[in-house]
Amino acid sequence: MDTGTGIDPETETKTETKTGIGADPDPGTDPDPDPGTDPDPDPGTDPAPDPGTAPDTDADTGGWHLTHDLDDFLTRAGAFLRSRPALHTVPLTVTETLRTRGRCVYGGGAPEFGVLERAGEVRAAFFRTPPHWLNLTALTPEDADSLAARLAALGRRLPGVNAECDTAAAFAGAWQRHTGAPAVLRQRQRLYRLDTLTQPVPVPPGGPRVAVEADRELLLRWHEEFSVAVGLGSVRDSAEWADARIDSGGITLWETPDGTPVAMAGTGPRVAGQVRVAPVYTPPDLRGRGYAGAATTEVSRAALASGADEVLLFTDLDNPTSNGLYQRIGYRPVADFDVYDFT
């Protein structure tokens, strides 16, 4: 799900009895893989949100322009983010959600954005939706250090960071140097892109249908269960999330022949040609039957039919079941991301 943190966010089960996080991982081999839950890569949790007021670029920012103005951020960084839509899927979808659903959709704190510009060229960007994690595009170690120093000097309180592996590690180390706050690796994720869609076999009995208003209570309950299952906390109000997904037709349920919903898979908005699949969830007592795989295949097919250039998803690298399933469906690795908590 799009949490605003950068964890699409967007989990699955490592075994049929233990729930894990499906971040876009490491293929595995499982004769009847059924993820159950897949992360919606986008935030984290911070007990003390700090809206603050970010200054514009000056001689001390190392080229960083900081702002709370979403329109200003998109004017400066929009083309840069759209130049690599797969790698920038989280900032693209989170900023689109902020634009269409309101600036407080991920929490009460004022979202903060940053753009690294040198010689008239955008080199990197970040966003944060308090109280959630800082989300970064790729940075050099030097630029990660300059950003950490700047945010520390401004008194920002960060719960953690989410970025491609090297960038996340560089920023986590820099943050510890500048603040003394140790960093703990929380989750390893893999971003996948759909290549050739392949229907998993056997197809479970039943079929897909798009969730409607009558399913609202079910979506509320499953969203809460999903948030607990991925271990990342609730990053978006379940009622607001359910209403938004029903309005957009963004959740597909897999039903048994008697009309009982047994799994859900969702997709976010299409931005810069990319659509990200999330969340994917099956209740624990219904896993291992292929329901999540069937639902994921259906929403992937629908995304392609709607005109998406790229269909993406994240998985948890520590979950071989979900990684194996998604690769069998036709998803191929793009890049690995790490999430660190600052303690």
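What you see is a predicted model; the values in this text were computed from it and never measured.
Salt bridge annotation for Arg156-Glu112: present, with a cationic side-chain nitrogen under 4.0 angstrom from a carboxylate oxygen. For Arg236 and Glu240, the salt-bridge test passes: some basic side-chain N is under 4.0 Å from an acidic carboxylate O. Asp143 has no carboxylate O lying under 4.0 Å from a charged side-chain N of Arg123, or vice versa, which leaves the two without a salt bridge. Taking a cutoff of 4.0 Å between a charged side-chain nitrogen and a carboxylate oxygen, Asp309 and Arg193 do not qualify as a salt bridge.
Within 6.0 Å of the CZ atom in Arg84, the count of heavy atoms belonging to other residues, nucleotides or ligands does not exceed 12.
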Inset, instruction - I would like to know whether Thr252 and Glu298 meet side-chain hydrogen bond (donor to acceptor under 3.5 Å, both in side chains); could you show each step before the answer? - result: CA-CA 8 Å; Thr252 292; Glu298 181 60 29; over 6 Å; no

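Between His88 and Phe80, the ring center distance clears the sub-6.0 Å criterion. Phe314 and Tyr192 have their aromatic ring centers separated by at least 6.0 angstrom.
Residues Glu310 and Pro85 form a side-chain contact, since some pair of their non-hydrogen atoms from C-beta on lies under 4.5 Å apart. Residues Arg99 and Leu70 have side chains in contact (heavy-atom distance under 4.5 Å, counting atoms from C-beta outward). For the pair Asn135/Pro91, a side-chain contact is recorded, criterion being any heavy-atom separation below 4.5 Å from C-beta on. In this structure the side chain of Phe73 reaches within 4.5 angstrom of the side chain of Leu81, judged on heavy atoms. Taking 4.5 Å as the limit, every side-chain heavy atom of Leu98 sits out of range of all side-chain heavy atoms of Phe127. Side chains of Ile251 and Val210 form no contact here, defined as non-hydrogen atoms less than 4.5 Å apart. Two residues are said to be in side-chain contact when any heavy atoms from C-beta on lie closer than 4.5 Å; Asp318 and Arg188 meet this criterion. Considering only heavy atoms from C-beta on, Pro202 stays 4.5 Å or farther from Arg289 through its side chain.
The main-chain N or O of Thr282 is found under 3.5 Å from a side-chain atom of Arg287 such that the two form a donor-acceptor pair. Of the possible polar contacts, none joining the Thr260 side chain to the Thr256 backbone as a donor-acceptor pair under 3.5 Å is found. Within the 3.5 Å criterion, the main-chain N or O of Ala124 finds no donor-acceptor partner in the side chain of Thr137. Distance alone, capped at 3.5 Å, places no donor-acceptor pair between the Trp254 side chain and the Gly290 backbone.
Taking Tyr340 as the reference, nothing meets the ring pair (Phe, Tyr, Trp, His ring centres under 6.0 Å) condition, with sequence neighbours excluded. Remark: Asp243 pairs with Arg216 by the side chain to side chain donor-acceptor pair (under 3.5 Å) rule, at least two apart or across chains. Residues that satisfy the side chain to side chain donor-acceptor pair (under 3.5 Å) test with Thr75, not counting sequence neighbours, are absent from this structure. In this structure, the side-chain contact (heavy atoms from CB on, under 4.5 Å) partners of Cys165, at least two apart in sequence or on a different chain, are Asp336, Asp338. Applying the side-chain contact (heavy atoms from CB on, under 4.5 Å) rule to Ile329 yields the partners Leu197, Pro200, Thr296, Thr297, Leu325, Tyr326, Tyr331; only residues at least two apart in sequence or on another chain are considered.
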For residues 167-174, dump all side-chain donor-acceptor pairs below 3.5 Å to protein atoms at least two apart in sequence or in another chain.
{"residue": "Thr167", "atom": "OG1", "partner": "Leu139", "partner atom": "N", "Å": "2.9"}
{"residue": "Thr167", "atom": "OG1", "partner": "Leu139", "partner atom": "O", "Å": "3.4"}

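Residue Leu191 is not grouped with residue Val275 when hydrophobic side chains (ILVMFWY) are merged at heavy-atom distances under 4.5 angstrom, including chains of intermediate members. Tracing side-chain contacts under 4.5 Å through hydrophobic residues (I, L, V, M, F, W, Y), one never reaches Val184 starting from Val161; they form parts of separate clusters.
When only modelled atom types and interatomic distance are considered, His132 and Asn162 share no side-chain donor-acceptor pair under 3.5 Å. Side chain to side chain, Asp69 and Thr67 fail the donor-acceptor criterion of an N or O pair below 3.5 Å.
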